[in-house]
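What follows is a single structure, written as structure tokens, with notes after it.
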Amino acid sequence: MKKINTDVLIIGSGPVGLFSVFELGQLGIRSCVVDSLNEIGGQCSALYPEKPIYDIPAYPVIKAQELVEKLHKQIQPFKPSIILNQRVEKIFEIKDIFRVLTSNETEIFAKCIFIAAGSGAFGPNKPPIKDIENYEQKSVFYNIKDKSLFKDKLIAIAGGGDSAVDWAIELSKIAKKIYFIHRRSKLRAAPKNVEKLYDLCKQNLELIIPYQLDNIRGKNGLIETLTVKDLDNNKKEIKVDYFLPFFGLSNDLGPIKDWEIQLEKNILKVDQATCLTSRKRIYAIGDVCTYPGKLKLILTGFSEAATASHDCFKMVRPDEALHFEYSTTKGINKV
Ligand code: FAD
């Protein structure tokens, strides 16, 4: 079993977990980040790496993956220890130290824990189609890394929310044709974008609404046809090169629910002034936490990372006084 000793264990390498390394590092606090995915970046990298974000202060526009790369660069001075492909499973408290076990038998000892777990160790909600796993990552994708793959192709997109609608609009610019499938007549996405989607029917987009997915056929992981059926069970076969189901994320906190921390609607309740959960020395920041007025935004998570880092100082360095300093005065803290 691999053993790691650190000051703060950060669960989750989404934008908020990554920025915590910086905030803690500036206060001279060591940290270790663990993520169940095989790459850093949380939702930004896993769900929408190519999408432009417009509400990161000082960046009029930045692609989600680029933001993750910049955060990764920003934390390099602190020589971050980042463990990927491992889910944090169990925590034990021994006096004032947490002993934490991951799914891959790493044992981490930490004085405090920052839970920056977003919606949990997430995965996409998959459509209930037999054998779909044979096509995954070949011709069926739940997120898009490189949109050039879809140039001049026939694409089926399923879902009724923002991701499905946004990607249909985006990919219609390069695809040969988009088939947009949804089981209800009404879409849940932003009304402005739904309007844009309907407009695209004059060009290269066909709405297949209200239809349900029925089955998938193809060879060696390459899809050939997708069958859909209407509410009267009338079936229709669509010839496609790629199928992109966007049914959201499973919102399961997994093992975190067993850590005796107070939850509110499956999210961790924190004190806004400190970001402390109901359990001593465990903080929750980013999408995983809630308090009155909480906004699930990256910039809100960054601020929570700073709040939690300053608050945990007294627990990590009980014999030292914390003097608040601007980064312009302090520069980058030496490790
Ligand atoms: P996440 O990014 O969710 O990362 C959490 C990480 O924790 C994941 O990698 C997960 O694998 C890991 N994890 C969870 N549990 C465990 C465990 N037990 N062990 C190990 N690892 C674990 N926000 C904006 O501010 N502006 C936007 O324009 C914007 N656009 C968006 C567009 C889309 C399509 C989506 C889906 C979201 C958008 N958001 C936007 C929201 C933004 O992405 C989230 O607010 C942000 O990612 C939250 O960051 P986080 O670090 O808290 O969590």
Side-chain angles (χ1 to χ4, degrees), residues 9-21 23 32-57 59-68 71 82-91 100-104 106 108 113-125 142-144 159 161-167 169-170 189-190 193 244 246-259 261 266-268 270 275 282-290 294-305 308:
L9 164 67
I10 301 167
I11 302 173
S13 70
V16 178
L18 291 178
F19 190 61
S20 305
V21 175
E23 284 296 319
C32 165
V33 185
V34 180
D35 204 296
S36 53
L37 297 177
N38 60 6
E39 59 178 357
I40 60 164
Q43 292 176 46
C44 292
S45 301
L47 295 182
Y48 60 106
E50 290 266 325
K51 278 199 178 185
I53 308 181
Y54 299 97
D55 56 357
I56 302 298
Y59 285 100
V61 56
I62 183 165
K63 277 193 184 170
Q65 188 58 34
E66 206 187 330
L67 175 71
V68 170
L71 284 165
I82 301 179
I83 301 170
L84 297 174
N85 258 328
Q86 299 195 31
R87 186 161 97 149
V88 174
E89 302 269 344
K90 290 192 175 129
I91 57 172
V100 177
L101 297 181
T102 73
S103 50
N104 241 9
T106 301
I108 302 162
I113 295 177
F114 280 17
I115 304 177
S119 317
F122 64 77
N125 290 322
Y142 302 107
N143 58 60
I144 294 171
D162 285 315
S163 289
V165 171
D166 289 2
W167 275 117
I169 295 170
E170 189 64 27
N193 288 341
L244 311 174
F246 291 116
F247 293 162
L249 290 174
S250 58
N251 196 16
D252 185 12
L253 278 183
I256 297 171
K257 282 191 289 202
D258 303 327
W259 295 351
I261 301 173
N266 219 14
I267 316 184
L268 304 175
V270 298
C275 289
I282 300 187
Y283 295 80
I285 53 179
D287 277 15
V288 79
C289 81
T290 188
K294 160 78 184 177
L295 290 174
K296 278 194 185 185
L297 285 175
I298 295 167
L299 74 90
T300 316
F302 287 166
S303 155
E304 290 154 3

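Given the structure is predicted, the values throughout are model-derived calculations rather than measurements. Order of listing sets the numbers, starting from 1, for every ligand and every atom in it.
Some N or O of V16 is nearer than 3.5 Å to an N or O of ligand 1, by distance alone. Annotation: S163 places no N or O atom under 3.5 Å from an N or O atom of ligand 1; distance criterion only. Inclusion of L47 in the set of residues having an N or O under 3.5 Å from an N or O of ligand 1 is not warranted. Between D35 and ligand 1, at least one N/O pair is under 3.5 Å apart. Remark: ligand 1 and R87 share no N or O pair separated by less than 3.5 Å (distance only, no angle test). In terms of N/O distances under 3.5 Å, ligand 1 is not approached by K51. In terms of polar-atom proximity, S13 is not counted as a contact of ligand 1, lacking any N or O under 3.5 Å from an N or O of the ligand.
Within ligand 1, the atoms closer than 4.0 Å to a non-hydrogen atom of V34 are 20 (C), 21 (N), numbered from 1 in the order shown. With ligand atoms numbered from 1 in the order given, ligand 1 contributes 5 (C), 6 (C), 7 (O) to contacts under 4.0 Å with heavy atoms of A116. Close contacts of ligand 1 with L37, meaning ligand atoms under 4.0 Å from a residue heavy atom, involve 9 (O), 11 (O). Which parts of ligand 1 touch V88 is read off a 4.0 Å heavy-atom cut-off, strictly below it: atoms 17 (C), 18 (N), 19 (N), 20 (C). Those atoms of ligand 1 with a heavy atom of G12 less than 4.0 angstrom away are 6 (C), 7 (O), 12 (C). Of all the atoms in ligand 1, the ones that sit under 4.0 Å from a non-hydrogen atom of I53 are 26 (N), 27 (C), 28 (O).
Counting heavy atoms closer than 4.0 Å to ligand 1, residue Q86 contributes backbone atoms (N, CA, C, O) but none from C-beta onward. Both the backbone and the side chain of I298 come within contact range of ligand 1, each with a heavy atom under 4.0 Å.
Annotation: side chain to side chain contact (heavy atoms under 4.5 Å, CB included) contacts of N193 (sequence neighbours excluded): V165, D166, I169, A190, K196. Not a single side-chain hydrogen bond (donor to acceptor under 3.5 Å, both in side chains) links T300 to another residue, sequence neighbours left out.
Put simply, the side chain of P52 does not reach to within 4.5 Å of the side chain of I62, judged on heavy atoms.
Close to ligand 1: P15, with a non-hydrogen atom less than 4.0 angstrom away.
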